[in-house]
Amino acid sequence: MIGPELVLVALYGALAGGATFAGIFIVQRFERWASDNLIHIIVFAAGVLTSGALLHVTREAVRLAGLEPALLTVTLGFAALALLEMFLH
């Protein structure tokens, strides 16, 4: 019998595959635009991945340390990295 977890895995896998296919199609269809804006596409993708990781880590930190210390640590870490990036550029 197929359990609900397997159905969710199949659904999320299909969604990821569909998003990947759509991205490849768009890049091939608008190759000139994608080539001209490649750096913006890469930065957007990196931001999405970083945001997902930050949300995952924040949730785990809140579970382990409590709300206030976790949010303070995440906020200070984000501010430190933002300042570092600002000074490096």
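For reference, positions follow the sequence shown, starting with 1. In this text the structure is predicted, and so the values were computed from the model without any measurement.
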Return the [atom1] to [atom2] distance between [X] and [Y], rounded to the nearest 0.5 Å.
X	Y	atom1	atom2	value
Leu88	Leu81	CG	CG	10.5 Å
Leu54	Thr50	CG	OG1	8.5 Å
Asn37	Ile42	CG	CD1	11.0 Å
Phe78	Leu71	CZ	CG	13.5 Å

| said: How about CD on Glu31, more than 12 heavy atoms from neighbouring residues, nucleotides or ligands closer than 6.0 Å, or not? | reply: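 No, because the 6.0 Å sphere around CD of Glu31 holds 12 heavy atoms or fewer from other groups.
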| query | Is the number of heavy atoms from other residues, nucleotides or ligands within 6.0 Å of CG (Leu83) greater than 12? | reply |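 More than 12 heavy atoms, drawn from other residues, nucleotides or ligands, come within 6.0 Å of this atom.
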| Which heavy atom in Gly66 sits nearest to a heavy atom in Pro69, and how many Å separate them? |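 Looks like O-CD, 3.7 Å.
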| query | Is it the case that one hydrophobic cluster holds both Ile26 and Ile41, taking links as side-chain heavy atoms less than 4.5 Å apart, direct or via other members? | reply |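 Same cluster.
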| message | Would Phe21 and Ile24 count as a side-chain contact (heavy atoms from CB on, under 4.5 Å) here? Give the steps. | response | CA-CA 5 Å; Phe21 179 77; Ile24 292 170; 5.8 Å; no
